Each structure stands twice: as structure tokens, then as C-alpha cells.
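Note that the structure is a prediction, hence the values are computed from the model and not measured.
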Amino acid sequence: MADDRLHFTDSDEANALLAREPLALVIGFVLDQQVPVQKAFSGPLELQRRLGGLDAGRIAAMDPAELEQAFREKPALHRFPGSMAQRTQELCRTLVEDYDGDAGRVWGEARDGADLVARIGALPGFGDMKTRSLTAVLAKRLGVDLPGLAELLPERACLGDVDSQEALASYQAGKRAAKAAARAQRA
């Protein structure tokens, strides 16, 4: 059974959008770097407001300067609005070219877990960690069930484990502790 909202932001509206709109979810993952989870995943709702809707074809075809302006409008959608506007547009272009603009086809047409991981990993802005995290969200929160998928889910805590605001706080505390331990080990 799929969750009707993801608990990645403080906004119920943004959380519901992430669960029902595949494009919002993948854009949130693209934005999820060098900003708090809440900021990254509230970005798709605000982008939707600024553009009058979320449509991969429209975003892909936009004048890059116009899209960048939408990202820069205060409050900026990201700490690095220019590069994130570019990455979002690259993502949307790939979705248009490979999936006719329908982000849900990335997982909806996957044959099995390995195919799903390959499809997500081929999206611009998705390295191994984001690929595994989105895979876990799809499996654990949004009801995607494919042969061989369970074996590919990350063993470490990830956004797929977040099912409440309390779980998000715990996830973020664990991430901060792991980063601090890694810094201490390097020092």
C-alpha cells in the first residue's frame, strides 16, 4: 500500500505532492544536496507555484534564464539556484526524451529491481546514494514491488525509512552523527 504523503518537509501540501506527483519526487531528489531535506523537498511545490504547474516538457523547453529566475526568486529554491535550475532542466529533458515527460514511467515500466536501479541511476543528478535512496522510497513508501527489488534496498538508514516527522528528525540526527564521526576520523 502506498503512502498518501511523504514526510520530508514541514508542509503537508508539499508532502502530499511528493507522494502523488512523480516529477515532484524526482526533482526533490535532484535538489537534495547541500541543503536540508526539508528545503530540497519543499522546492517542487514552490516551483509548481512559480511556474503555474509542474510539467517536464514545459520545463525542458523553457529558456534557461527564465527557469533560473524562477529558482532565484526570493526565497531561492536552493542554496545554488543557478546550478540546480540547470540540473532540473537536464532531468526534465531526459524525462521527455526517454519517458515522454512522464517521470512515473521510470519505475512504472521497470522489469525488475535491477532495471529500476539502472533507470534511476541514468537520470541526471542521480549518483549511487540518491539512486538507492529513491529506490527505497519507491519500495517502502510508495508501494513499488518488483522482482529482486528487496535485495537492492540499502542496509543503512535512508529516506525510505522516513514515515513521520519524528522519523525524519531521527534520520537527520543520524546523518549528522555519521558526518561528524567521518570528520573526526579524518582529523
Side-chain angles (χ1 to χ4, degrees), residues 1-48 54 56 77-78 84 87-88 90-92 94-95 98-99 101-176 178-179:
M1 183 158 146
D3 291 355
D4 65 348
R5 63 196 73 257
L6 299 176
H7 300 276
F8 300 167
T9 78
D10 299 327
S11 163
D12 195 54
E13 185 180 5
N15 291 337
L17 179 68
L18 294 168
R20 79 169 179 271
E21 175 51 60
L23 181 57
L25 182 60
V26 294
I27 288 173
F29 268 93
V30 165
L31 300 178
D32 187 23
Q33 61 183 38
Q34 299 182 336
V35 295
V37 169
Q38 294 89 336
K39 177 73 172 168
F41 286 97
S42 64
L45 177 62
E46 187 57 33
L47 184 62
Q48 175 179 274
L54 277 185
L77 293 183
H78 195 277
M84 289 300 121
R87 287 186 185 174
T88 299
E90 289 170 9
L91 169 71
C92 289
T94 297
L95 291 172
D98 297 347
Y99 300 100
D102 182 355
R105 286 182 55 198
V106 173
W107 47 92
E109 296 177 355
R111 295 180 310 277
D112 55 31
D115 187 37
L116 174 61
V117 168
R119 287 166 172 258
I120 295 170
L123 296 174
F126 282 80
D128 183 62
M129 187 180 236
K130 279 188 190 187
T131 296
R132 300 291 176 172
S133 190
L134 176 54
T135 300
V137 169
L138 293 170
K140 295 179 178 183
R141 305 270 68 87
L142 298 179
V144 172
D145 185 20
L146 297 167
L149 183 57
E151 296 80 27
L152 298 172
L153 297 178
E155 292 181 18
R156 61 171 169 67
C158 69
L159 285 172
D161 301 313
V162 173
D163 61 0
S164 66
Q165 290 298 311
E166 296 77 21
L168 177 61
S170 177
Y171 165 75
Q172 289 180 302
K175 242 176 115 171
R176 283 190 298 275
K179 284 181 181 180

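- Partners of Glu90 according to the salt bridge (Lys or Arg N to Asp or Glu O under 4.0 Å) rule, which considers only residues two or more places apart in sequence or in another chain, do not exist here.
- Sorted by first and then second residue, the pairs that involve residues 34-45 and meet side-chain hydrogen bond (donor to acceptor under 3.5 Å, both in side chains), not counting sequence neighbours, are Gln38-Gln172.
- Arg105 and Arg119 make their closest contact through O-NH1, 3.3 Å (heavy atoms, listed as atom of the first residue, atom of the second, distance).
- Taking Thr135 as the reference, nothing meets the side-chain hydrogen bond (donor to acceptor under 3.5 Å, both in side chains) condition, with sequence neighbours excluded.
- Val26 and Ala103 get closest at one heavy-atom pair: CG2-CB, 4.1 Å.
- Closest approach of Leu18 and Pro44 over heavy atoms only: CD2-CG, 4.3 Å.
- Separating the CG atom in Leu168 from the CG atom in Leu159 is a distance of 7.5 Å, to the nearest 0.5 Å.
- You'll find the side chain of Leu23 reaches within 4.5 Å of the side chain of Cys92, heavy atoms only.
- The two residues Asp163 and His7 make their nearest non-hydrogen contact at O-CD2, 3.1 Å.
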- Assess whether side chain to side chain contact (heavy atoms under 4.5 Å, CB included) is satisfied between Asp98 and Leu123, documenting all intermediate values. CA-CA 10 Å; Asp98 297 347; Leu123 296 174; over 6 Å; no

- Message: Run the side chain to side chain contact (heavy atoms under 4.5 Å, CB included) test on Ile120 and Leu138 for me, step by step, so that the C-alpha distance in whole Å, both residues' side-chain angles and the decisive distance to 0.1 Å come before the verdict.
- Response: CA-CA 11 Å; Ile120 295 170; Leu138 293 170; 3.9 Å; yes

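- Scanning both residues, Ala139 and Leu149, for their nearest heavy atoms gives CB-CD2, 3.6 Å.
- Under the ring pair (Phe, Tyr, Trp, His ring centres under 6.0 Å) criterion, the residue pairs touching residues 9-32 are Phe29-Phe41, with sequence neighbours excluded.
- Each salt bridge (charged side-chain N to carboxylate O under 4.0 Å, His left out) pair with one or both residues in residues 11-24, not counting sequence neighbours, appears once here: Arg5-Asp12, Glu13-Arg49.
- Between the side chain of Asn15 and the backbone N or O of Phe8 there is at least one donor-acceptor pair closer than 3.5 Å.
- Checking side-chain atoms of Arg132 against main-chain N and O of Cys158 turns up no donor-acceptor pair under 3.5 Å.
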- Task: Test Trp107 against Leu142 for side chain to side chain contact (heavy atoms under 4.5 Å, CB included), laying out the working first.
- Result: CA-CA 11 Å; Trp107 47 92; Leu142 298 179; 5.6 Å; no

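- Residues in residues 142-162 take part in these salt bridge (charged side-chain N to carboxylate O under 4.0 Å, His left out) pairs, two or more places apart or across chains: Lys140-Asp161.
- Between the side chain of Gln48 and the backbone N or O of Gly43, no donor-acceptor pair lies under 3.5 Å.
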- Message: As a quick check of understanding, evaluate side chain to side chain contact (heavy atoms under 4.5 Å, CB included) for Leu6 and Leu25, giving each step before the final call.
- Response: CA-CA 9 Å; Leu6 299 176; Leu25 182 60; 3.7 Å; yes

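- Across all their heavy atoms, Thr131 and Val117 have their closest contact at CG2-O, 3.5 Å.
- Tested against Met84 for a side-chain contact (heavy atoms from CB on, under 4.5 Å), the candidates Leu47, Leu31, Ile27 yield a single pass: Leu31.
- Side-chain contact between Gln33 and Arg87 is present, with at least one heavy-atom pair separated by less than 4.5 Å.
- Side-chain contact check for Ser11 versus Leu45: some heavy-atom pair is nearer than 4.5 Å.
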